[in-house]
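As the structure is a computational prediction, the values presented were derived from the model and not from experiment.
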Amino acid sequence: VEGVRETAQKGDAGLLSSAPPVIRVAKMNSPEWKYLLFGALGAAGVGVTMPAMSVVFARILRVYGEPCDEIQDSVRVWAPVFVYIGIGSAVCEFSKEFFLGVAGEELTARLRRLVFCAMLRQDVGYFDDSKHSTGVLSTRLATDASEVQGGLGARLGAIIRLTSTLIAGLCI
């Protein structure tokens, strides 16, 4: 019985509590590469929005130095550009959230299936320990996989968005 408990505890520590490496998670999410690609493009588009707005805003400020009769024509040209950038930013934000969310949900479902199958492969003695009761295992099954999804969707989107803002800002 003691050997069964040691094996079960090693299996529990290896499967549920240790954080998987980033490369392993990326490989597990490779079937959703299209979702990740479109989500990354959306995040990059959102990141470019602020540097693009700064260029347009600078052009509009330059317009106010023109003669009065030309100001109205120039504003009619540049004001819709703000609207187009806003619409583009909204589309990019939606695609970022949607596609990275779908990829994260697929990864979460895959991880939950793997962990559940690993739980089912445990010996009967594994479940005798109070650390492995039904409530504890189901709670860990619900929360651990979701934490990986949060790391993929929100953090990956933020990293790509901030990187694209930095690069676009330096280029401008």
Side-chain angles (χ1 to χ4, degrees), residues 11-66 71 73-119 137-172:
D12 179 54
L15 289 173
L16 297 176
S17 65
S18 66
V22 175
I23 302 298
R24 185 172 171 193
V25 172
K27 285 181 182 177
M28 290 181 74
N29 212 14
S30 63
E32 288 81 40
W33 69 270
K34 291 178 185 176
Y35 292 121
L36 291 172
L37 176 67
F38 287 122
L41 289 175
V46 170
V48 173
T49 301
M50 284 301 142
M53 288 285 243
S54 68
V55 170
V56 173
F57 192 68
R59 299 273 170 99
I60 286 192
L61 286 178
R62 194 179 313 155
V63 164
Y64 289 113
E66 296 176 359
I71 289 177
D73 293 335
S74 296
V75 168
R76 284 190 184 130
V77 169
W78 288 108
V81 174
F82 273 116
V83 175
Y84 300 144
I85 290 174
I87 291 170
S89 177
V91 168
C92 289
E93 184 69 37
F94 174 78
S95 67
K96 175 188 79 141
E97 293 295 327
F98 177 78
F99 289 117
L100 291 179
V102 169
E105 287 294 331
E106 292 292 327
L107 177 64
T108 301
R110 189 174 299 113
L111 285 173
R112 283 186 178 142
R113 275 193 303 273
L114 289 172
V115 171
F116 185 69
C117 288
M119 285 180 189
L137 292 177
S138 62
T139 300
R140 291 192 71 183
L141 187 63
T143 58
D144 287 354
S146 298
E147 290 174 6
V148 174
Q149 176 194 4
L152 174 76
R155 290 186 188 123
L156 179 66
I159 289 169
I160 293 171
R161 179 179 47 86
L162 293 172
T163 303
S164 66
T165 301
L166 179 68
I167 291 171
L170 290 174
C171 290
I172 292 176

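- Taking CG of Leu114 as the start and CZ of Arg110 as the end, the distance is 8.0 Å to the nearest 0.5 Å.
- Remark: Phe82 CZ is packed, more than 12 non-hydrogen atoms of other residues, nucleotides or ligands lying under 6.0 Å away.
- Across all their heavy atoms, Ile160 and Ala43 have their closest contact at CG2-CB, 3.7 Å.
- Considering every non-hydrogen atom in both Leu111 and Met28, the closest pair reads CD2-CE, 3.1 Å.
- Using a distance-only test at 3.5 Å, with no hydrogens or angles considered, a donor-acceptor pair links the side chain of Thr108 to the main chain of Gly104.
- Taking CD of Glu97 as the reference point, atom SG of Cys92 lies at 12.0 Å (rounded to 0.5 Å).
- Checking side-chain atoms of Thr49 against main-chain N and O of Val46 turns up a donor-acceptor pair under 3.5 Å.
- Among Phe38, Trp33, Phe94, the single residue meeting the ring pair (Phe, Tyr, Trp, His ring centres under 6.0 Å) criterion with Phe99 is Phe38.
- The shortest heavy-atom contact between Ala142 and Arg112 is O-NH2, 2.8 Å.
- Contact detail for Val115 and Leu141: the closest heavy-atom pair is CG1-CD1, 3.7 Å.
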For Leu156 and Leu36, run side-chain contact (heavy atoms from CB on, under 4.5 Å): C-alpha distance rounded to whole Å, both residues' side-chain angles, the deciding distance at 0.1 Å, then the answer. CA-CA 9 Å; Leu156 179 66; Leu36 291 172; 4.2 Å; yes
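- Residue Ser164 comes nearest to Ala44 through the heavy atom pair OG-O, 3.2 Å, listed as atom of the first residue, atom of the second, then distance.
- Heavy atoms only, all atoms of each residue included: Leu100 and Gly157 are closest at CD1-CA, 3.6 Å.
- Ser89 places no side-chain N or O within 3.5 Å of a backbone atom of Gly86 that could act as its donor or acceptor partner.
- For the atom pair CD of Glu105 and CD of Glu32, the computed distance is 11.0 Å after rounding to the nearest 0.5 Å.
- Contact check for Ser74 versus Glu66: side-chain heavy atoms found under the 4.5 Å cut-off.
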